[in-house]
Amino acid sequence: MKRLTKLVAGAAAIALATAGCAGSGGNSSEESSGGERTLTVWLMNGSAPETLTDALNKEFEGANEGVTVKYEVQEWGGIQDKLTTALASQNPPDVIELGNTQAPSFAADGVLTDLSGDVSDLNGDQWLSSLKDSGEWDGKQYATPFYAANRVVLYRTDMFQQAGIAAPPTSRAEWLDAITKLKAKFGSDPQFQPLYLPGQNWYSLLSFIYDEGGDIAEKDGTEFKATVNSPEAKAGLEFYKQLVDASGTTAPKDNDEQNPEQAGIYGQGKVAMMIALPWELGTAAKDNPDIEKNSSAFAIPSKTAGKTAPVFQGGSNLAIPVNSKNPDLAKSYLKLLMSDKYQGQLAEAGMVPGASTDLSALDATPVSKAMAEASQSGKAAPATPKWATVEAGQNPLKDMMTAYLTGAKDLDTATNDANSALDAAFTG
Amino acid sequence: MTATVHTSVPAGATPPAPARAPRRRRTISLGEKTIPYLLLAPAVVVMLVLLGWPAVQVIGISFRKLDLGELVRGELVWVGFDNYTEVLSDPEFWTITLRTVLFTASIVAATVLVGMLLALLMRHLSGPVRVALQVTLVLAWATPIVAATTMFQWIFDQQYGILNKTLVKLGFDSFQGFSWFSSGVSTLTVIGILIVWQAVPFVCFTIYAGLLQAPKELYEAAAMDGTSAWQSFTTVSWPAIRPLVTLATFLSVIWDFKVFAQVWAIRQGGPDGESTTLPLLMYLRGIAGRHFGVASAVAVLMILVLVVLTARYLQLLLRTREGDIS
């Protein structure tokens, strides 16, 4: 009897173990019998506003019998890893939003569906050209534009008034002058900062470099060569340092604008200006609702008076993974999202629509008006697949900025090191 | 042949039958023979599936070109030793390996030393104080890694950190706005302190358990003989804890060699790649760069370095018959 008990116990243990191991593998694929289908859509935090996506999902579900839209909002931090694992899985999402700096990389890897044949269906004649380029690879179109946004300088109108600054600066000299006036008025408060500028805000640095007439890389056929050590880039970096030193900002020199989140610091009310995307004002307003009515924006000034500096045009593309289970549904979803109705809603929400040339809705608030004004001269990051690796891994531009701002390296060493690192990244 | 047993039988009394061990022939049934294997089977199967198979796969992938495209499309592209040549010919690789080995060596040494000292301290503490120490150690151990990393970033923050604030209050004005992350060495020191803080409890409890084995009478005897504290340590405590210290060192080397979360979360291997260790290199090549073949080659090379570092202990482990390893 004792022997039998032992035998039964052993067999039961094995049965449980194998059942546990096997159980997880069975329920992966969706049953498509009976017409019940799920469309998984991944959009990013801070992109399309909730009102837009709710209306869009409702309309799509209404128009397609038996289809439910599984809509998920993803965080920007670590999204590349998440997308990599999701795309390699059995059940990838059907519609994904890719930053325009990441899209070329995914397109070149061949993991996105070729949409070249559907461009006209997707409102192709109204596409924003910089976003169209980032979705293109090897002559084929792998991603559609979604929206673009560029940075502006958010500022506190009440502080400007108190400091005696009549109008927002329209040149670099006026900007530095405004900083001096603000410091004179509010400098007695040790927590006050005329301009919150962390050391690694490379998007802003790009604006200054573009304004000098340079760029971080130039296209050489299909290859890219880094030009960070060009005189124009050096001049841009020098101006960045000038701003940091003039304002005496206590922002960390070895971190970027999200660590700590600059919108939160602006929301605390002791910062007069920050270079930010328009939606960051909304984030600041969550902690401090009053700040919205006391804030406005002006376009990043150029060194030439009266002009605005060219801006780094950030934005997103939309794509369909090549192994999606519902490519046809995904395409009709994109068609709906690219329609004038929803692109118009994007503009109303304060973003530059990717598939509509009508920017009039952006004139509604001064902040989005400033952004729309600057978006006319927008440039994107080098449209090379290698750029995504730079953003996901170690960014030589960030290292260069920290090294130069802290004085660890002089201007020439810092730019030369960054140049070689970028060149290595472009060829690696 | 039967052996004749002469038993002297005293005259008169009836002698008791000479005691003979009952020779019972035990037939071991098939069921009993297989029971041990059946009971071991679940653990072995789980280990093979969750550890063995992925390990074999990693070795296989290190000989393939596996970028995101090949992964998604399920392609098999064999490239022989190309991935290894790419990794080994990168001059950064040797710097990073040396940095990882030195970093691991220093945190293991610190962990074992502090753990041992704390265990010795615990031996001398009484009742509630000892329990309080043990509870704080367990709390440090139980804190989730990312939460602990975030806390350390706040403590060491340049502008708002409590450490700089305290140092300035104590009179060290040079620490106003001091950046603890300005060089690779100082960044790795901060990361090292974080790792040691969370690793010490395990080592401490392990060695404390060993110390409890040393009988108190030996300490009293040693005290009566007039030995110094150091001598009573070397003659009484050390033999009791030596196998556990070896075990703790071995485990610490393995765990600390592959530490990733803390190093990445603090400064992503910066500034300027100066705090990049081998696990980070694997992440940069693999997940960030999406060259999984190259990352697997780095992983296999990491295992080789680890085998070299722990060779002596592996030798002991494989050679010993009893459980006593020292």
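In the text below, chain A, chain B and the rest are named by the order of the sequence lines, each starting its count at 1. Worth knowing before you read on, the calculation uses all heavy atoms, side chains too, and leaves out hydrogens, waters and symmetry mates.
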- Name the region of Val390(A), side chain, backbone, both or neither, that has any atom closer than 4.5 Å to a heavy atom of chain B. neither

- Give a yes or no on this: more than 12 heavy atoms of other residues, nucleotides or ligands lie within 6.0 Å of atom CH2 of Trp154(B). no

- Message: Just checking Phe81(B): does its CZ atom have more than 12 heavy atoms from other residues, nucleotides or ligands closer to it than 6.0 angstrom?
- Response: no

- OG1-CD distance between Thr406(A) and Gln158(B), expressed to the nearest 0.5 angstrom: 9.0 Å

- Got more than 12 heavy atoms from elsewhere within 6.0 Å of CE, Met151(B)? yes

- Short side-chain to backbone donor-acceptor contact, Gln268(B) and Gln394(A), under 3.5 Å: no

- Within a radius of less than 6.0 Å around CZ of Phe260(B), do more than 12 heavy atoms belonging to other residues, nucleotides or ligands occur? yes

- Message: Less than 4.5 Å to any heavy atom of chain A: does that hold for the side chain of Leu68(B), its backbone, both, or neither?
- Response: both

- Can you establish whether the number of heavy atoms outside Gln176(B) located under 6.0 Å from its atom CD is more than 12? no

- Note on the structure: The interface call for Lys398(A) against chain B, heavy-atom contacts under 4.5 Å, is neither

- Sole residue of Val111(A), Thr389(A), Asp109(A), Asp81(A) in side chain to side chain contact (heavy atoms under 4.5 Å, CB included) with Arg290(B): Asp109(A)

- Task: Starting from the C-alpha separation in whole Å, work towards a yes-or-no answer on side chain to side chain contact (heavy atoms under 4.5 Å, CB included) for Lys409(A) and Asp272(B).
- Result: CA-CA 11 Å; Lys409(A) 292 187 190 169; Asp272(B) 235 350; 2.6 Å; yes

- Residue Ser89(A) versus chain B: region with a heavy atom under 4.5 Å: neither

- Message: Does Ile145(B), at its CD1 atom, have more than 12 non-hydrogen atoms belonging to other residues, nucleotides or ligands within less than 6.0 Å?
- Response: no

- Message: Between Thr402(A) and Phe181(B), is the side chain to side chain contact (heavy atoms under 4.5 Å, CB included) condition met? List the steps.
- Response: CA-CA 11 Å; Thr402(A) 302; Phe181(B) 302 108; over 6 Å; no

- Item | Interface moiety of Ala408(A) toward chain B, non-hydrogen atoms closer than 4.5 Å | neither

- Under 4.5 Å heavy-atom distance to chain A, tell me which part of Ser179(B) shows up: side chain, backbone, both or neither. side chain

- Task: Please flag which part of Asn255(A) lies under 4.5 Å from any non-hydrogen atom of chain B: side chain, backbone, both or neither.
- Result: side chain

- Side chain from CB out, backbone as N, CA, C, O: work out which of these in Thr276(B) comes under 4.5 Å of a heavy atom of chain A, or both, or neither. side chain

- Top contributor to chain B interface from Asp254(A), Leu87(A), Asp417(A) [non-hydrogen pairs under 4.5 Å]: Asp254(A)

